[in-house]
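When reading the values below, keep in mind they use all heavy atoms of this one structure, side chains included, and skip hydrogens, waters and symmetry mates.
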Amino acid sequence: MDIYEAIKLRRTVRDFKDEKIEITMIKKILNAGLLAPTNDHMRSWNFVIMNDPAAKLELIKLVVKDRTEKQAITTLDNWGLVDRSQREMYIDAIPKQYKMLLNCGCLIVPCFQQTEPLLEPSKLSSLNGFASIWCCIENILLSAVAEGIYGVTRIPGDDELTHIKTILNIPDDYEVPCYLALGYPAENLKELRQNFVNVEERMHFNQW
């Protein structure tokens, strides 16, 4: 698939078919991730593949279940969000946080090496590892699209993060940026409208 076509087709999907992703395909997609740029040229990234149903259930047990659309709307009102398309995105997303992780064809926990506290960086370059892993994740999402596979990321809360690192035995000098759920999209997905951005309105030459 042409790279521009893959970028155009990529979208967040939270509803998946009941279909597993073959390990050969997972390897192919992750290998594309490993081709992303990295801050220290070492690609100190690792991926925990959750292919055991019981282990997956244990991993996601702290993710809030059964949030309703009404609760999502209340949350957005409390956040003060008024943009229509933004609200539609969140109203669709919030109730699906647990289900999308449970039902995806492959749940992956990416990990990156971090030499000092992620939330207490001493300088901007201390976040280079965090920036690099997201380049890797975007490569994974784009290569997945080329194979007819879509995905969604979810950043864990503090309690979830401690739980994840403990039960997966993640080394102390590694961090988890997100859950990464991949799968074949369900039939008749609801089409959500993205806000259109005119690139010329975001371009500045020589100064803002």
Side-chain angles (χ1 to χ4, degrees), residues 4-21 29 33 50 53 56-110 118-119 130-131 133-164 175-199 201-202:
Y4 290 99
E5 183 181 3
I7 292 171
K8 185 176 180 180
L9 290 176
R10 194 217 63 79
R11 58 175 173 151
T12 296
V13 168
R14 297 182 177 87
D15 300 289
F16 300 104
K17 290 181 180 177
D18 183 16
E19 183 177 351
K20 301 300 180 186
I21 303 174
I29 292 170
M50 304 304 298
K56 182 194 282 191
L57 282 170
E58 177 65 17
L59 177 74
I60 66 175
K61 72 178 185 179
L62 297 186
V63 178
V64 177
K65 307 178 184 67
D66 303 323
R67 295 192 70 184
T68 66
E69 182 176 312
K70 184 177 180 180
Q71 289 173 320
I73 291 171
T74 299
T75 298
L76 301 184
D77 291 341
N78 291 336
W79 289 349
L81 300 187
V82 296
D83 182 85
R84 179 180 174 183
S85 62
Q86 186 183 37
R87 287 178 66 89
E88 288 178 351
M89 292 287 183
Y90 277 116
I91 290 169
D92 179 73
I94 290 173
K96 296 178 179 178
Q97 295 298 295
Y98 181 82
K99 182 181 177 182
M100 70 189 190
L101 301 179
L102 179 65
N103 296 335
C104 65
C106 178
L107 181 60
I108 300 171
V109 179
L118 180 62
L119 298 182
F130 184 63
I133 190 64
W134 282 102
C135 293
C136 171
I137 291 166
E138 184 67 4
N139 267 23
I140 291 170
L141 291 170
L142 290 175
S143 61
V145 168
E147 304 293 345
I149 296 168
Y150 289 77
V152 59
T153 61
R154 182 181 189 278
I155 297 175
D158 291 343
D159 55 340
E160 294 172 49
L161 189 56
T162 300
H163 173 70
I164 291 169
E175 293 290 345
V176 175
C178 65
Y179 305 89
L180 175 57
L182 300 174
Y184 297 98
E187 303 291 345
N188 303 316
L189 280 175
K190 180 181 179 181
E191 193 73 36
L192 296 172
R193 181 177 63 86
Q194 295 275 4
N195 278 336
F196 172 76
V197 176
N198 182 345
V199 67
E201 295 177 358
R202 301 295 177 89

Does K96 form a salt bridge (charged side-chain N to carboxylate O under 4.0 Å, His left out) with D15? I'd like the steps, not just the answer. CA-CA 8 Å; K96 296 178 179 178; D15 300 289; 2.7 Å; yes
Can you check salt bridge (charged side-chain N to carboxylate O under 4.0 Å, His left out) on R11 and E191, steps first, answer last? CA-CA 10 Å; R11 58 175 173 151; E191 193 73 36; 3.4 Å; yes
Derivation of the side chain to side chain contact (heavy atoms under 4.5 Å, CB included) call for L101 and V152: CA-CA 9 Å; L101 301 179; V152 59; 5.5 Å; no
Do K56 and C104 pass the side chain to side chain contact (heavy atoms under 4.5 Å, CB included) test, and can you show the C-alpha distance, the side-chain angles, and the key distance before you say yes or no? CA-CA 11 Å; K56 182 194 282 191; C104 65; 4.1 Å; yes
Assess the residue pair T12 and Y150 against the criterion (side chain to side chain contact (heavy atoms under 4.5 Å, CB included)); give the C-alpha distance rounded to whole Å, side-chain angles, the decisive distance to 0.1 Å, and a yes or no. CA-CA 7 Å; T12 296; Y150 289 77; over 6 Å; no
Assess whether side chain to side chain contact (heavy atoms under 4.5 Å, CB included) is satisfied between L59 and V109, documenting all intermediate values. CA-CA 10 Å; L59 177 74; V109 179; 3.9 Å; yes
Does K61 form a salt bridge (charged side-chain N to carboxylate O under 4.0 Å, His left out) with E58? I'd like the steps, not just the answer. CA-CA 5 Å; K61 72 178 185 179; E58 177 65 17; 3.1 Å; yes
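Note that CZ of R84 is 12.0 Å distant from CE of M89, once rounded to the nearest 0.5 Å. For the atom pair CG (L102) and CD (Q97), the distance works out to 13.0 Å, reported to the nearest 0.5 Å. Rounding to the nearest 0.5 Å places CD1 of I21 at 6.0 Å from CD1 of I29. Rounding to the nearest 0.5 Å gives a distance of 12.0 Å between CG of N78 and CD1 of I73. Interatomic distance, CD of Q194 versus CD of Q86, reported as 11.0 Å (0.5 Å rounding). Atom CG of residue L141 and atom SG of residue C136 lie 9.5 Å apart, to the nearest 0.5 angstrom.
Between F16 and A181, the shortest heavy-atom contact is CZ-O, 4.1 Å. Between V145 and A6 the shortest heavy-atom distance is CG1-O, 3.9 Å. The minimum heavy-atom distance linking G148 with P185 is given by the pair O-CD, 3.6 Å. Closest non-hydrogen pair, L62 versus D159, comes out as CD1-O, 3.7 Å. Closest heavy-atom contact between K20 and Y184: O-CE1, 3.8 Å.
Scored by the salt bridge (Lys or Arg N to Asp or Glu O under 4.0 Å) test, K17 finds E187 as partners (sequence neighbours excluded). Contacts of N198 classified as side-chain hydrogen bond (donor to acceptor under 3.5 Å, both in side chains), with partners at least two apart in sequence or in another chain: none. Taking N195 as the reference, D83, S85 meet the side-chain hydrogen bond (donor to acceptor under 3.5 Å, both in side chains) condition, with sequence neighbours excluded. For R193, there are no side-chain hydrogen bond (donor to acceptor under 3.5 Å, both in side chains) partners at least two apart in sequence or on another chain.
Pairs engaging residues 84-105 under the ring-ring contact (aromatic ring centres under 6.0 Å, His included) rule: W79-Y90 [sequence neighbours left out]. Sorted by first and then second residue, the pairs that involve residues 138-148 and meet salt bridge (charged side-chain N to carboxylate O under 4.0 Å, His left out), not counting sequence neighbours, are K28-E147.
Residues L192 and K190 meet the side-chain proximity criterion, which asks for heavy atoms closer than 4.5 Å. Residues R14 and R154 are not in side-chain contact: their nearest non-hydrogen atoms beyond the backbone lie 4.5 Å or more apart. Looking at heavy atoms from C-beta onward, P110 lies in side-chain contact with I137 at the 4.5 angstrom threshold.
Counting non-hydrogen atoms of other residues, nucleotides and ligands closer than 6.0 Å to CG of D18 gives a total of 12 or fewer. Atom NZ of K99 is surrounded by 12 or fewer heavy atoms from other residues, nucleotides or ligands within 6.0 Å.
The only member of I108, I155, I164, T153 that meets side chain to side chain contact (heavy atoms under 4.5 Å, CB included) when paired with Y179 is I164. Residue R67 forms a side chain to side chain contact (heavy atoms under 4.5 Å, CB included) with just one option from Q71, E69, K70, K65, and that option is Q71.
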